[in-house]
Amino acid sequence: MDKYLQTRRLSWRYIKKELLGRSVVTACGLFIIILTLFLVFFIASQGIDLFKDNHVSLSHFLFSTSWHPDRDQAPQVGALIFIVGSIVISLLALALSTPFSVGLAIFMTEISPGLGKKVLQPAIEIFVGIPSVVYGWVGLSLLVPFIRTHIGGMGFSVLAGGLVLALMIFPTITSISADTLRSLPHHYKEASLALGATRWQTIRRILLPSATPGILTGVVLGLARAFGEALAVQMVIGNTIKIPGSLLQPTTNLTSIMTMDMGNTVMGTMWNNALWSMALLLFIISFSFILLIRKLGAIGAMTK
Amino acid sequence: MTTRHTYDQELENLRQDILRMGSLVQMAIHDAVQSLAKQDVELAQKVIDGDDVIDKLEIDIEDTCMLLIAKQQPLARDLRIIATGLKITTDMERVGDHAFDIAKIAQKTAKQPLIKPLIDIPRMAAMAQKMLQDSLEAYVNLDIALAEQVCRADDAVDDLYNQVFRELLTYMMEDPHTITQATQLMFVTRYLERVADHTTNIAEWIIYLVTGQRLRKK
Amino acid sequence: MTTRHTYDQELENLRQDILRMGSLVQMAIHDAVQSLAKQDVELAQKVIDGDDVIDKLEIDIEDTCMLLIAKQQPLARDLRIIATGLKITTDMERVGDHAFDIAKIAQKTAKQPLIKPLIDIPRMAAMAQKMLQDSLEAYVNLDIALAEQVCRADDAVDDLYNQVFRELLTYMMEDPHTITQATQLMFVTRYLERVADHTTNIAEWIIYLVTGQRLRKK
Amino acid sequence: MDYKIEVNKLKLYYGDVLALKKITINIVKNSVLALIGPSGCGKSTFLKTINRMNDLIETVKIEGEILLDGMNVYHPNVDVVMLRKRVGMVFQRPNPFPMSIYDNIAYGPRIHGQSNKGKLDEIVEKSLRGAALWDEVKERLTSSAMGLSGGQQQRLCIARLLAVEPEVLLMDEPCSALDPISTMKIEELVTELKDKYTIVMVTHNMQQAARVSDFTGFFLNGEMVEYDKTDAIFTRPQDNRTEDYITGRFG
Amino acid sequence: MDYKIEVNKLKLYYGDVLALKKITINIVKNSVLALIGPSGCGKSTFLKTINRMNDLIETVKIEGEILLDGMNVYHPNVDVVMLRKRVGMVFQRPNPFPMSIYDNIAYGPRIHGQSNKGKLDEIVEKSLRGAALWDEVKERLTSSAMGLSGGQQQRLCIARLLAVEPEVLLMDEPCSALDPISTMKIEELVTELKDKYTIVMVTHNMQQAARVSDFTGFFLNGEMVEYDKTDAIFTRPQDNRTEDYITGRFG
Amino acid sequence: MIGRKTADRLATGIFYAIGVTVVVGLVLFVGYLVYHGWSELNLHFLLSGPRFTKAGGGIGPQLFDSIYLLVLAMIITIPVGLSAGVYMAEYARPGKLTDTLRLCIETLASLPSIIIGLFGLIIFVNLTGWGYTLFGGALAVAVLNLPVATRISEDAIRNVPQTIREASYGLGATQWQTITRAVLPAALPGLLTGFIITAGRVFGEAAALLYTAGMSTPILDYSNLNPFSGASPLNPFRPGATLAVYIWKVNSEGLVPDARAIADGASAVLVLAILVFNLGSRYLGIRLNNRLTGRQ
Amino acid sequence: GCGGGGTQKANEGQKTQISGNITASGSTALQPLAEKAAQQFGQKNPNAKVIVQGGGSGTGLTQVAQGAVQIGDSDIFAEEKSGINAGELVDHKVCVVGFATVVNKKVTIDNLTHQQLLDIFTGKITNWKEVGGPDLKITIVNRPASSGTRATFKKYALKGAEEATGIGLQSDASGTVLKTVAETDGAVSYLALSYVNDSVKALKLDGVEPTVANITSGKYPIWSYEHMYTKGQPTGLTKDFLDYMGSDDVKPLIKQLGYIPNSDMKVSRTATSN
Ligand SMILES: Nc1ncnc2c1ncn2[C@@H]1O[C@H](COP(=O)(O)OP(=O)(O)OP(=O)(O)O)[C@@H](O)[C@H]1O
Ligand SMILES: Nc1ncnc2c1ncn2[C@@H]1O[C@H](COP(=O)(O)OP(=O)(O)OP(=O)(O)O)[C@@H](O)[C@H]1O
Ligand SMILES: [Mg+2]
Ligand SMILES: [Mg+2]
Ligand SMILES: O=P([O-])([O-])[O-]
């Protein structure tokens, strides 16, 4: 009887199979860590040069609107305009799309689930997948002329950027909100209705509050996407290096200036370094969004 | 098709045990009365010895019923089968006891000749036995009509009992020497009357088993 | 603290009913023997009338047990309480029947003066009654020692029975006029002996109730 | 007898499928009616027709009538929202809202317009007491209801119902997700509640039906096969199908 | 008696928490042992120590010994994989792989190196017959196992075990996710299987334990309070805690 | 104050309005793209090469490069992402390392693609000395998609019920056997759907490719299938513009008179491709799932 | 490395036949010519591939300096680009390109003086009517500061004066500029002549039309050389291609696309001259 339980005098194939597989997948995990650390290190080291080598002060970079990197004497690399541009356009996009997103999420989960599942959900998913250049292209060829002729200004404007971005992040927020609403235990609704609540009362008092962390996660993700989006925005905001005075004025943002100038400037120059500092800033911002999302996720998990 | 094979098997075993106990008891009454009538001491002894088997069977059946209740959460008819099993074994065991008592008397009376050939007592025994047999059959076939017939038959046994009782009383008065034996025979008739009573009880339980309705005792 | 309030309440009700039936039966035996001894026809009638109450109580208890089995899936002690309830009611009912029979005899014998003042029969009755009382007490207190004492007491009753039986036989032989009454009294003693027997059964069930062990019948 | 609910020839279709076939049953006031039957026989469906929770399913079509205190609940003039307030429902899985215990109970009164803090406090206490939960939670009314045990949650849900003062309680297998002890507690509670409410309860547990209900209805394939006093159903059912079902045997 | 498994003074810690306290028990060959006890008392934990499924949890520490046919399964030389082949396990929820019925059964033999198609066919049929499922599925061996009913799935899982020819079957509440009919079928199956296997089964259903097992062990707070023949446990338990538990009353 | 029923009706109305607005908006959007691109959607447009100064060029090489880059990127992404997913779902023990890895994945996922493009420019283009190559683009896109692929793999694997693992261990399987033979097959529908959606992302990516794979496709000799030959379309070490990049380029640098038509056509093709990816993944996922779960 | 390296080897292997793979990137002003020429070159040498990328002059210079491409196209001298070590780059002037100030067609004027141009781009003049045009707001469309076109325009049209920031639009590439100017009322920008077409109007500067003749004669100042830089002396395919660019095969193409062959130029400039 002992023969069964005894150690099979270690079959090498067995060990190899077990260990090999394990090592390979572990290596892949480690690879991701290394890759990320490398990327972060890379961006950070590039981004820091501006302050280290070019002795630009952080406050100048962050709070000055003076952007003259091409001046031969005393070039100036204040990035405030770009930062403000990014913020303004992203927030505008968020403000435009969030109500619609949440509204649609409610519509497709609570008001007309049939339509929601069969038509809206696939449509939304397709829209998540549409490449940003297509959005940019439509913005450029449809939205910009429309604004120019019907609303005013040159067409290239904060409004155009905001609208294009809103369109882009709309499906993201919607689908995350809808997922959250859908994943709410069905019985919340039943319980509320069975107590004699109307549908709207149920939505407002039970469903929305319970879904808030999830919806916020969607909003933050949308915001992150808006912040990091490059091509679509760049195509429609006009890229005027100026803090916009109105929604109809053009402006620029972090990603646009990076796309336009990064390739054209020489590594190691102050100008190029300033662009990398913007990349670092962008990275820091998107990293903060992650932390925010994690926090929201933890809150969401608590209410489940 | 049922899905509770084991359970059904166990219920069937229970039924078989009850029937076996029934026939043992019936046989015991028959033998006891025979041993009395034929002054057959050995037969009487056999009945006396057989009582243990019956007693043991009662305990087994009771245990089975208990385990079935514990295991199977019986409801409705299953529950009635088990409850009936628990109850009628008491009656059957009592009938067995009476057979034992009669056999004891048979052994005592065997020493002297009988004061008269026994006619009515075996008749009574036959009636009681028939009732027992009918109730067992009613149990097997869940035959309410037959069970009701058993209940009615009790009256005839009671009548016969009264008749034999008076007769024996007369004997005793006429001839005090018969007193000892006559009193014994009196008890025998009394026992047989009780047997019929118990059998009536059994029949009533069978009616309950089938219909779920308890008959009010008369 | 238990979590099955309703169930416990129902079990308690069952116990109370069983106890009530026990005292009714005990009272019935007492009254029946009293009516016999004192030739009190009315008391006898009371016993006879009271039998219906006992019979009804038996059926109620049985129904309660059935419903408890159906509802509560009783196990272990609960199951034993219920099974015991189902079983000992039969014995108690039989004791009640015997009280009824004795009362009937009391009514018959009341027409003539007693052949002698009754001494042993009330003594026997008292013993049987004591046994009943003890077994009820044992039931209340789940007192095995007391229950075992009841079982042992049966022998004393048996001895007394044999003694009275012989005595009555002697009476009859000496004076055939006493035969009718003596046979009646003989039956009374026999009934009392049976009562003690039933009581022994009850005590045995109480032992089972407490220990879960069945005593082999002697 | 005094009937709280009378169901007359009720038929219910899911699309073309007849899920309830001419159900007729009178439910006695202040009694517990247990509904038993195999899975998919229509018990939940029937339950939900009473407070019109089935309205949420689009394909549902209903014929026949259900009278609540003599009023047809399917009459076009009936206010469904008010109906559901009168006929409360407890579900299979405890479904507290992810809020504090207090807010759970206060939810109903609030949606029905009660906003007086004092009144709400009163209602909360009364409802929790009614559901035999007060003593266990009175110290932590403001903590989340999700932190309660399953059995407590289910009682909380009952308390939440009581807070809107319903007349009828519908319970769809309220104990099937609970452990035995919690089950017992709910059963005890149901027994107490029937003094004030009329209760209809679906259960798969025969013994539970036998324990808590006064009447039992047996459903099979959308039909009400047998309906009788509970004691009778479980000791001497009249219909063979009932017998087979409750003894665990199927055709 | 012939003991298949002997457990001596088994202690199990989850981190610092003692979850099994000096369990000593001998399991008779070809018998069914039922383990009962309240939730969290350690039944599953105990079951899993036998085939060392607890090895998967890092915090687990074990003292004492478990002898399978006299060999300590916690001996450092023991090959856990072979142990698990000998001591099979059935779980609470049926857990077929999302593959065909055939592949489910063949999974075990295949990972143990059997690749001969003819042999596999044979094993599949034999195992399915052994689990009383062959007749129901023989026409659709290649369709997905997920399409089976819950009860069939559970029997499939048992068949899947049989295919690796275990000696001991551990079952952790194998019927708790099943309807009554399927439960009955599994119980019948267990009764049949004990001719060939030694079975240890956790159940919350007292009656089930009473029905199918020969021996019953009652666990409480990680202790084995009472261990006896099943008939004895359910009609006359010796320990008051056992009595309280099986009659549904708790301290 | 309005009654609660009125409020209910009002809210319902508003939601319907939003729903309708959105549906109409979405239909208009796609309609616009397809309507404008429709006239271009012919075989010539899809297959022929671009022209630099004259109208009538097609998008053949770009289409090819999109697909080829997709394949390259997926060849890199899937094994690594899947492995990392397996690690996360099966081997990772809760602890610092796992937390770090998760944070890394999230960090990576949140990086704007432009940053990854710039990173790629410096590493894959300049540092390696490869110049603009499809391979470099594929690497950049792989970096971009790795976290997504990992997360999708991890989710799909995690979604496989624990019971499946228990069952496998219970039968005496080793952990690796359990993963490869029981868990991964069970996770297949989720993996497939996820990867196809990832593929869609690669297909539409532009920002990360502008600086890595370049903005134009050389004239290729489609009969040359030797991947080491410079003229071969299969040579991964050549520049290439994907459709999305081409839209960008045509729009910004194009001298072609019909730039607008080309952008319209290419946009329509992209959108339709995404449509196919989505529907395809849905269909495949559902079919596979049905196969595994035995539904018809 | 596989790309560049492999190419070189392939070249050495078969000297008789021109084959391999090189990339040129940079100036968008030169891009149309480079692409066309590369196409022709490819037709002649089926085994050789010259790939042309845009990106802007800065990109071209940066990448050639880093070795990422074999040829860096630029509108400006490497010396003019900050951060470039011009010493290691070898200049190949392939042609000259002229730049025109372009305006939207709604702008009725067709001439601007130097001063006017300066005032417009430094933000002093904001309406066309100030320079005799219609009452139309001026919208400046700039190339990014890093663009060669812009650098040239700044140097020769604006005389090095710094443009006002914060006005007008900025477009990444010449194509976009063309489109934006065409579509935006009152827009003004500058484009290489190769990009100019009917959709916009090219303005005279101080009365001088931006024509080839005016450039070659030195009358029109806004022009620059188109450079192709290599890192070190060109070898192999790179050398072959650069030779080809200078050959007569390309001349017709140069003219056809609106560029000016070096040989036609009657004036010349160096990196340091103004
Ligand atoms: N929304 C629905 N659409 C279509 N058919 C339904 C729907 N809900 C239930 N059914 C069907 O109606 C029948 C009755 O379902 P119901 O849920 O009432 O059964 P049940 O008796 O409550 O079963 P269970 O005991 O499993 O809860 C079933 O055949 C079910 O498939
Ligand atoms: N992985 C684990 N880590 C720490 N503690 C555990 C772990 N698994 C179980 N426990 C604890 O060990 C004790 C016994 O758990 P176990 O699962 O064995 O109980 P059980 O008797 O099977 O309960 P149930 O009837 O609910 O299945 C419980 O207190 C539980 O909380
Ligand atoms: Mg239901
Ligand atoms: Mg467990
Ligand atoms: O792209 P440029 O020609 O302006 O450098």
Side-chain angles (χ1 to χ4, degrees), chain A residues 14 17-18 21-22 24-26 28-29 31-33 35-36 39-40 42-43 100 103-104 106-108 111-112 115 119-120 122-123 125-127 129-134 137-138 140-142 198-201 203 224 227-231 235 255 258-259 262-263 279 282-283 286-287 289-290, chain F residues 4-5 7-8 11-12 14-16 18-19 22-23 26 29 32-33 80 83-84 86-88 91-92 100-101 104-108 110-115 118-119 143 146 150 174-176 179-180 197 200-201 204-207 211 244 247-248 251 260 263 267 270-271 274-275 277-278 282:
Chain A
Y14 161 76
K17 233 185 163 177
E18 196 55 35
R22 193 189 180 113
V24 166
V25 297
T26 312
C28 285
F31 171 73
I32 289 184
I33 295 184
L35 176 69
T36 313
L39 253 160
V40 171
F42 176 84
I43 296 167
F100 273 89
L104 184 65
I106 290 171
F107 178 75
M108 61 196 271
I111 312 284
S112 181
L115 205 63
V119 181
L120 290 169
E125 272 166 26
I126 287 164
F127 276 83
I130 287 183
S132 54
V133 280
V134 174
W137 170 246
V138 173
L140 183 63
S141 58
L142 184 71
T198 63
R199 180 160 67 186
W200 172 235
Q201 281 179 318
I203 291 171
F227 244 92
E229 176 49 43
L231 304 186
M235 287 163 94
T255 49
M258 279 161 60
T259 358
M262 187 64 92
L282 209 53
F283 166 75
S286 62
F287 190 75
F289 286 143
I290 297 178
Chain F
R4 60 202 196 100
K5 292 226 202 66
D8 187 51
T12 306
I14 291 173
F15 285 123
Y16 261 99
I18 290 175
V22 167
V23 172
L26 295 187
F29 187 87
Y32 173 83
L33 284 171
V80 181
S83 299
V86 167
Y87 175 78
M88 288 299 286
Y91 288 103
T100 313
L101 180 50
C104 284
I105 290 170
E106 284 171 19
T107 307
L108 219 45
S110 76
L111 280 180
S113 55
I114 178 77
I115 291 189
L118 298 175
F119 168 81
V143 172
L146 199 53
T150 306
T174 66
Q175 188 171 11
W176 187 246
I179 291 168
T180 49
I197 289 182
R201 250 182 81 147
E205 181 55 45
Y211 297 106
I247 293 173
W248 166 259
N251 172 53
R260 180 168 182 139
S267 294
L270 260 185
V271 168
I274 297 300
L275 210 77
F277 275 113
N278 265 280
R282 241 160 214 283

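Naming convention: chains lettered A, B, ... in sequence-line order (proteins, then strands); numbering from 1 in each chain.
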Checking heavy atoms, do the side chain of A/Phe42, its backbone, both or neither come under 4.5 Å from chain F? side chain
Under a 4.5 Å heavy-atom cut-off, does chain F meet the side chain of A/Ile130, its backbone, both or neither? both
Where do A/Thr36 and F/Cys104 come nearest, in terms of heavy atoms and distance? OG1-CB, 3.4 Å
Region of A/Leu115 in contact with chain F, defined by heavy-atom distances below 4.5 Å: neither
At a heavy-atom separation under 4.5 Å, does A/Leu104 approach chain F through its side chain, its backbone, both, or neither? both
Could you state the interatomic distance from CZ (A/Phe287) to CG (F/Leu111), rounded to the nearest 0.5 Å? 10.0 Å
Which answer fits A/Leu35, side chain, backbone, both or neither, if we ask what part of it has an atom under 4.5 Å from a heavy atom of chain F? side chain
Part of A/Phe100 lying under 4.5 Å from any heavy atom of chain F: both
Taking side chain as everything from C-beta outward and backbone as N, CA, C, O, which of these in A/Met108 sits under 4.5 Å from a heavy atom of chain F? Side chain, backbone, both or neither. neither
Quick one: sort the A/Trp200 and F/Phe15 rings into parallel, tilted or perpendicular, breaks at 30° and 60°. tilted
Need one label for A/Ala279: side chain, backbone, both or neither, based on atoms under 4.5 Å from any heavy atom in chain F. both
Quick one: pull up OG in A/Ser141 and CG in F/Leu33 and give me the separation to the nearest 0.5 Å. 8.0 Å
With a 4.5 angstrom heavy-atom cut-off, could you sort out which part of F/Ile179 is near chain A: side chain, backbone, both or neither? neither
